[in-house]
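In what follows, every chain begins at residue 1, and chains take the letters A, B, ... in the order their sequences are listed. Source: prediction; values computed, not measured.
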Amino acid sequence: MKYSSIKGMSDIMPSEISAWQKLESTALEVFGLYGYLEIRTPIVEKTDLFVRGIGSNTMVVEKEMYSFKDISDDMLSLRPEGTASVIRAYIESGAYQAEGIAKYVYIGPMFRRERPQKGRYRQFHQIGVEAIGLSDPLIDAEQIAMGDFFFKKLGLSDFTTEINSLGCKKCRPEYNKVFGEFLKTKHARLCADCQRRILTNPLRAFDCKNPDCIAAIKEAPLIGSHLCKECSDHFLSVQKRLNQLGTKFVVNHKIVRGLDYYMRTAFEYTTDKLGSQNAIAGGGRYDGLVHDLGGPNLPGVGFAIGMERVIMLMQASNLAAAAESDMVFFALLGETAREKAIPVINSLRQDGIKIELDYDGHSLKSQMRRADKMAAHTVVIIGDEEVAKGKAVIRNMRTKEQEEVNIGDLARHFVRIEV
RNA sequence: GUGGGCGUAGUUCAGCGGUUAGAACGCCUGGCUGUGGCCCAGGAGGUCGGGGGUUCGAAUCCCCUCGCCCACCCCA
């Protein structure tokens with residue numbers, strides 16, 4: 001094979017496209033009910049936008065971005081996530097002047113140069129939402145509940161909604177210090193990775209699968225008991241609202257975010273059905289990000305859904321079935337029949353009827369086989385006998401009933417579908 | 001970036017030193033000269049990922065290389 005797709009970037013072929021379309025249309029529909037409007041931003045941005053937005057010492061920015069120098073010497077990057085672009089567009093368009101509050105939903109590909117594995121790809125797709133301009137915990141809760149509802153609306157049930165508070169600029173450093181001190185006392189018992197994490201991202205130690213580490217940090221202080229008054233109140237309020245909204249959730253103080261802009265509320269939707277990559281969506285609050293990117297000091301909260309992971313979960317739950325075919329097949333025998341049929345087919349298609357036909361003069365048997373394979377519900381047969389009479393045979397593939405009609409009357413025999 | 005597994009027909013895989021490399025499914029043709037699914041018969045389709053080596057002989061053993069997958073890391 002001379003050419004193949006780039007590692008970690010795969011084709012989505014027609015056989016699996018209906019699941020994607022279902023996912024996208026359900027998202028736009030459900031999030032639309034909550035007031036989210038679709039936004040489309042470029043896939044490429046100035047590298048600096050992501051460095052500022054995501055944080056210069058995050059793994060994503062340090063190692064995973066596809067960056068290149070444009071001819072004009074600008075450093076550009078393929079977007080590794082969607083929030084920074086959306087906030088940039090919000091600021092650049094001046095949308096905050098008109099409304100202040102804005103809710104956006106976006107769908108599209110993201111790029112991270114990681115080592116691919118199940119549920120993790122170099123080009124992957126996210127559906128994301130951002131609510132900008134609201135600091136009331138009600139919006140956190142509403143968004144978490146919306147995501148939960150969205151997955152249920154898709155028909156999924158094998159997932160858990162988990163929430164946490166990461167604290168703020170005031171209390172998180174204090175907690176990190178306490179937790180860091182704790183880890184140092186256990187230093188000798190920790191694996192090499194966790195010893196490194198003490199310096200880089202201590203909270204990651206909670207994710208470690210090493211049994212010794214799990215035992216060592218069993219008694220570790222949790223962020224929940226170290227939040228400042230404001231953060232604690234906010235978190236409790238989020239939980240109260242979630243209960244009010246009837247959304248089941250689990251508090252998990254071990255949820256960590258990989259991007260620097262998150263503070264206070266963090267949440268994930270997780271599943272145990274997808275192997276190692278267990279989060280199908282994740283997000284949180286990012287007060288301060290809009291300001292950091294050059295806009296007014298407005299709060300925000302958002303989350304992103306990993307589409308490939310959701311599709312896999314849909315497949316595992318038998319929710320990714322192909323759409324029913326509403327195709328009509330034209331079996332044409334001989335050149336005269338074809339001459340006669342071409343304008344008729346054209347006009348029927350323009351009336352909204354899906355039609356496939358035989359282009360290469362195969363035998364009727366072979367055309368019937370093809371019609372069956374594409375699950376045509378009706379086959380229109382036009383051969384020499386029919387042409388001579390100006391008629392066509394209409395065969396119902398399910399009942400096997402056939403009738404003969406005038407070619408000019410074909411349109412009347414098909415249900416009119418909206419064009 | 002680190003580790004492990006695997007690359008044989010369109011697909012999933014068997015063969016793991018010895019004649020012309022197999023199966024299932026899929027595809028094509030015919031049985032049914034103008035009627036699909038089921039059945040039956042036949043057919044097409046493979047530089048055994050690539051390169052080098054060992055051997056009388058390599059898909060099979062060794063080395064290198066490329067690719068895919070899974071896990072770590074990290075994350076959606």
Under 4.0 Å between a side-chain N or O of A/Q117 and OP1 or OP2 of B/rC69?
no
Where does the angle between the aromatic ring planes of A/F303 and A/Y269 fall among parallel (under 30°), tilted (30 to 60°) and perpendicular (over 60°)?
tilted
I'd like the C1' distance from B/rG15 over to B/rU8, given in whole Å.
9 Å
Residues passing the side-chain contact (heavy atoms from CB on, under 4.5 Å) test with A/D74, sequence neighbours excluded, are A/K46, A/D70, A/S72, A/L76
Which atom pairs link the protein and nucleotides 2-9 of chain B when you take only N or O atoms and keep those under 3.5 Å?
from	atom 1	to	atom 2	distance (Å)
B/rU2	O4	A/R115	NH1	2.6

Categorize A/E268 for me: base, sugar-phosphate, or nothing, with a 4.0 angstrom heavy-atom threshold over every strand shown.
nothing
Assign A/G283 to base, sugar-phosphate, or nothing according to its heavy-atom contacts below 4.0 angstrom with the strands shown.
nothing
Span that lies between the P atom of B/rG42 and that of B/rA24, in whole angstrom:
12 Å
Would you say the side chains of A/Y36 and A/Q143 form a donor-acceptor pair under 3.5 Å?
yes
Of all heavy-atom pairs between A/R257 and A/L166, which one has the smallest distance, and what is that distance?
CG-CD1, 3.5 Å
With RNA chain B as reference, determine whether A/L274 or A/A304 sits nearer its 5' end, using the nearest nucleotide of each.
A/L274
Using a heavy-atom cut-off of 4.0 Å across all strands, would you classify A/K63 as base, sugar-phosphate, or nothing?
nothing
May I have the step-by-step check of salt bridge (charged side-chain N to carboxylate O under 4.0 Å, His left out) for A/K340 and A/E386, ending in yes or no?
CA-CA 10 Å; A/K340 198 93 180 173; A/E386 287 75 22; over 6 Å; no
So which nucleotide does B/rU2 pair with, by the Watson-Crick or G-U wobble rule with both distances under 3.5 Å?
B/rA71
Does the gap between the ring centers of A/F179 and A/F206 come in under 6.0 Å?
yes
What nucleic acid atoms does A/I127 come within less than 4.0 Å of, heavy atoms only: base, sugar-phosphate, or nothing?
nothing
Just to be sure I understand the rule, does A/A371 reach a base, reach only the sugar-phosphate, or reach nothing, if contact means heavy atoms closer than 4.0 Å?
nothing
Contact class for A/E385 (heavy atom, under 4.0 Å): base, sugar-phosphate, or nothing?
base
Residue pair A/H362/A/R370 against RNA chain B: nearer the 5' end by closest nucleotide is A/H362
Taking only the C1' atom of each, what is the distance from B/rC69 to B/rU29 in whole angstrom?
38 Å
